[in-house]
Each structure stands twice: as structure tokens, then as C-alpha cells.
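Note that the structure is predicted; figures quoted are calculated from it, not measured. When reading the values below, keep in mind they use all heavy atoms of this one structure, side chains included, and skip hydrogens, waters and symmetry mates. In what follows, every chain begins at residue 1, and chains take the letters A, B, ... in the order their sequences are listed.
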Protein chains: 2
Amino acid sequence: MSTDRLSVTFAALADPTRRAILAHLALGEASVSELAKPFEMSLPAISKHLKVLERAGLIVRSREAQWRRCQLKAESLKNAADWIEQYRQFWEQNLDRLDDYLHELQTQEKQDDRQQ
Amino acid sequence: MSTDRLSVTFAALADPTRRAILAHLALGEASVSELAKPFEMSLPAISKHLKVLERAGLIVRSREAQWRRCQLKAESLKNAADWIEQYRQFWEQNLDRLDDYLHELQTQEKQDDRQQ
């Protein structure tokens with residue numbers, strides 16, 4: 001496993017439980033037990049996921065009194081988005097080509113209708 | 001390792017060599033040996049990375065004669081971008097807050113200047 005920053009972020013995102021935790025934290029900060037609730041997972045299992053997210057810079061955990069609140073941190077997500085964004089032209093080209101193809105099909109159908 | 005589509009895509013992106021291969025293919029299709037050149041890696045090592053990218057739907061490999069050309073496929077990247085995009089408001093809010101803070105500092109400095 002590579003340890004460069006972007007790789008660590010993408011690796012952290014490569015798990016549906018961790019993405020669900022981020023989705024939860026997008027609604028506001030939460031405690032570990034609040035985060036564990038929807039998953040029917042043990043607290044240690046959730047803690048392991050939180051450690052991965054924290055190492056990737058995707059969340060921060062604060063220690064206030066006996067609470068450990070977790071909070072979403074967006075900078076790593078922005079870096080991942082920026083990297084993917086470079087490729088936007090490729091999927092937009094693909095969709096343009098699909099558009100052209102559908103348009104061609106429709107024109108062809110109209111011509112066929114007229115000829116019948 | 002989870003096998004849902006988005007997780008497989010993020011896991012494939014979690015490696016600098018694989019991201020560099022995608023960057024190369026963004027310039028146009030290429031053969032395996034062309035892709036291997038800049039990395040000083042063996043062909044089997046590169047092939048392993050290509051298999052990961054193919055399984056993630058990030059590239060397609062065609063077999064024409066004895067050539068195996070690789071091509072970028074953007075749909076999985078678009079899905080990854082769409083997922084991250086939900087969180088855009090978070091990094092934009094963070095940047096807004098930074099903007100506010102810098103603006104506040106400037107205002108404070110101007111007031112200090114006037115008072116001197």
C-alpha cells in the first residue's frame with residue numbers, strides 16, 4: 001500500500017461503511033456510539049474505521065471530557081475531487097457521443113417514417 | 001475488501017502508479033509496453049496494475065492482432081466524482097470561513113494602522 005496522501009485518501013474511501021460514516025458526519029458531528037448505531041458493528045470495529053478516516057485526514061476527533069466527537073474534514077475530499085476533475089472532459093465527451101448517437105437515431109427514424 | 005462498484009474504483013485509484021497510468025491514457029490509447037516504459041517496472045508488474053484498473057472499469061483492453069491496446073474509460077471516474085461532489089459544500093464552506101477570517105484580519109490591521 002502506497003503512503004502518498006492522495007492514495008491514503010482514496011483507500012479510505014474504498015469502503016462502504018467508511019463512506020456511510022462520512023455521510024453521517026456530513027449532517028453534523030457525532031460520537032463514536034452514535035456512528036456505530038446504524039451498522040450493528042462493535043465499537044472496536046467502528047473505531048478501526050474511524051482511525052483509517054482520521055489517518056486519511058477525512059475526519060478529526062476531539063477529546064472533550066469523556067466524549068470523543070468526530071467531525072468531517074473536507075480538505076482531503078477536495079484533493080481527491082481535484083484529481084478526478086482532470087478527467088471530466090472524458091466522461092463529458094462520452095455523454096456527448098451518446099447524445100450524438102441518439103440524435104442520429106431519431107433523425108433516421110423520422111426519415112424512415114416519411115418513407116413509409 | 002468490499003466488492004461494491006464504488007469501493008473497487010476508489011481502491012484502484014489508491015495507488016500512484018495506477019493514477020499515472022490513467023494520466024498517460026488520458027493522452028490517448030497505449031500498449032502495455034508503452035505504459036511500462038516510464039516506470040522501470042516489469043511487464044508482469046504493469047499487467048497486474050492494468051488488471052486492477054480493468055476490473056474497476058477504469059480502462060478497457062482490446063485484443064487486436066498481437067497488440068493489446070489500453071484505453072481510458074471514464075464512467076467509473078464519473079461515479080467517483082459524483083460521490084465526492086456531494087461534499088463540495090463542506091470544502092467550500094471551509095474556504096469561505098478562511099476568506100472571512102482573512103478579511104477580518106485585514107480590517108483589524110487597517111484599524112490598528114489608523115490608531116497608530
- Applied to residues 46-55 of chain A, the salt bridge (charged side-chain N to carboxylate O under 4.0 Å, His left out) test, sequence neighbours excluded, yields A/Glu54-A/Arg61

- Between A/Val52 and A/Val32, is there a shared hydrophobic cluster once you connect ILVMFWY residues whose side-chain heavy atoms come closer than 4.5 Å? no

- Query: When hydrophobic residues are tied together by side-chain contacts of less than 4.5 Å, even through go-betweens, does A/Ile46 share a cluster with A/Val60?
  - Reply: no

- Message: Does any backbone or side-chain atom of A/Ala23 lie under 4.5 Å from a heavy atom of chain B? Answer side chain, backbone, both or neither.
- Response: both

- Rounded to the nearest 0.5 Å, what's the gap from NZ on B/Lys78 to CD on A/Glu92? Could you check? 8.5 Å

- Task: Could you state whether B/Leu72 and B/Leu58 fall into the same hydrophobic cluster, counting links through intermediate Ile, Leu, Val, Met, Phe, Trp or Tyr residues with side-chain heavy atoms under 4.5 angstrom apart?
- Result: yes

- Message: To the nearest 0.5 Å, what is the distance between CZ on B/Phe90 and CD on A/Glu75?
- Response: 15.5 Å

- Query: About how many Å separate CH2 of A/Trp91 and NZ of B/Lys73, when rounded to the nearest 0.5 Å?
  - Reply: 14.5 Å

- One should read off an interatomic distance between A/Leu6 CG and B/Leu13 CG, to the nearest 0.5 angstrom, of 8.5 Å

- Between CH2 on residue B/Trp83 and CG on residue A/Leu77, distance to nearest 0.5 Å: 5.5 Å

- Message: At a heavy-atom distance under 4.5 Å, which candidate from A/Ala12, A/Ala80, A/Ala26 has the highest pair count against chain B?
- Response: A/Ala26

- Query: At their closest point, which heavy atom of B/Ala11 faces which heavy atom of A/Ala14, and how far apart are they?
  - Reply: N-CB, 3.4 Å

- Note on the structure: In this structure, CZ of B/Phe10 is separated from CZ of A/Arg19 (nearest 0.5 Å) by 6.5 Å

